[in-house]
Amino acid sequence: MVLGKKRKLGRRIEEINIGEKLSLTEKMEDKDLLLYLGLTDDANPLYIQHDYASQTPFAKPIVPSVMLTGIITSAISKYLPGPGSHILKQEIEFLKPVFHYDSVEFLFEVVDVLRSEHVVVIRVEGMNEVNERVISGLFKVCPPHRLEDLHGRVLDNF
């Protein structure tokens, strides 16, 4: 760790307003699915075995819900509010399955800014290529806090 290193932080609560939006499109590629499944050691046949999935109501392999959640939480950490933010609560509905090679457009919208609680509320909707809503969610997020200048007192935790 380097003390005093300049770090790019996301926007503070004072800089965020109701109605702000972010759009992000992700294509569900095999390489991403295999990396996720390898990291988690998740061998659910519904995610990777075409012969098994063809005998289910889904008819073909689906993308794991937690992987879709990861795409959403990553966007919150990277863009809105950005680095230094922390998700406090999430409510997500997976309305329709997302299949391999689908593209999903995620729309993030700030629906509330609770300055006294240092919280922003972000609604997330995910639409597939045929304009069906596949994901709907609401996230309570703590944006980055203002940092103090480095001085002796800041190092008390070390």
Calculate, to the nearest 0.5 Å, the distance between atoms [atom1] and [atom2] belonging to [X] and [Y] respectively.
X: F106; Y: S74; atom1: CZ; atom2: OG; answer: 10.5 Å
X: E129; Y: T25; atom1: CD; atom2: OG1; answer: 10.0 Å
X: L24; Y: E105; atom1: CG; atom2: CD; answer: 9.0 Å
X: I76; Y: K78; atom1: CD1; atom2: NZ; answer: 12.0 Å

Does the side chain of [Y] come within less than 4.5 Å of [X]'s, by heavy atoms?
X: I72; Y: I135; value: yes
X: H145; Y: H118; value: yes
X: V110; Y: R123; value: no
X: L138; Y: Q90; value: no
X: E26; Y: S103; value: no
X: I18; Y: D112; value: yes
X: P64; Y: L33; value: yes

Does one hydrophobic cluster hold both Y79 and L68, with members joined at side-chain heavy-atom distances below 4.5 Å?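 Y79 and L68: one cluster.
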
Under 4.5 Å between side-chain heavy atoms, hopping through other hydrophobics if needed: is there a path connecting I62 to L95?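 Not linked; separate clusters.
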
Derivation of the side-chain contact (heavy atoms from CB on, under 4.5 Å) call for M127 and V134: CA-CA 6 Å; M127 306 294 278; V134 295; over 6 Å; no

Where do N44 and Q49 land on the side-chain contact (heavy atoms from CB on, under 4.5 Å) test, with the steps shown first? CA-CA 8 Å; N44 186 338; Q49 292 181 2; over 6 Å; no

[X] side chain vs [Y] backbone, donor-acceptor pair below 3.5 Å:
X: H100; Y: Y47; result: yes
X: Q55; Y: Y52; result: no
X: T69; Y: S65; result: yes

Give a yes or no on whether a salt bridge exists between K31 and E29, defined as a side-chain N under 4.0 angstrom from a carboxylate O.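 Not counted as a salt bridge, because no side-chain N and carboxylate O are separated by less than 4.0 Å.
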
Output yes when E20 and R11 qualify as a salt bridge under the 4.0 Å nitrogen-oxygen rule, no when they do not.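 Result for this pair is yes, salt bridge flagged.
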
Closest non-hydrogen atom pair, [X] against [Y]:
X: F99; Y: F58; answer: CE2-O, 3.5 Å
X: P61; Y: A53; answer: N-CB, 3.4 Å
X: I13; Y: P143; answer: CB-CG, 3.9 Å
X: P144; Y: G82; answer: CG-O, 4.5 Å
X: Y36; Y: M67; answer: CB-SD, 3.9 Å
X: E14; Y: R115; answer: O-NH2, 3.8 Å

Are E125 and S136 close enough that a side-chain donor and a side-chain acceptor fall under 3.5 Å?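 Result is yes, a qualifying pair exists.
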
Before you tell me yes or no, could you show the steps for I122 and L80 under side-chain contact (heavy atoms from CB on, under 4.5 Å), namely the whole-Å CA-CA distance, both residues' side-chain angles and the distance that decides it to 0.1 Å? CA-CA 9 Å; I122 300 171; L80 184 66; 4.2 Å; yes

Run the numbers on L88 and V141 for side-chain contact (heavy atoms from CB on, under 4.5 Å), then give the verdict. CA-CA 5 Å; L88 302 170; V141 179; over 6 Å; no

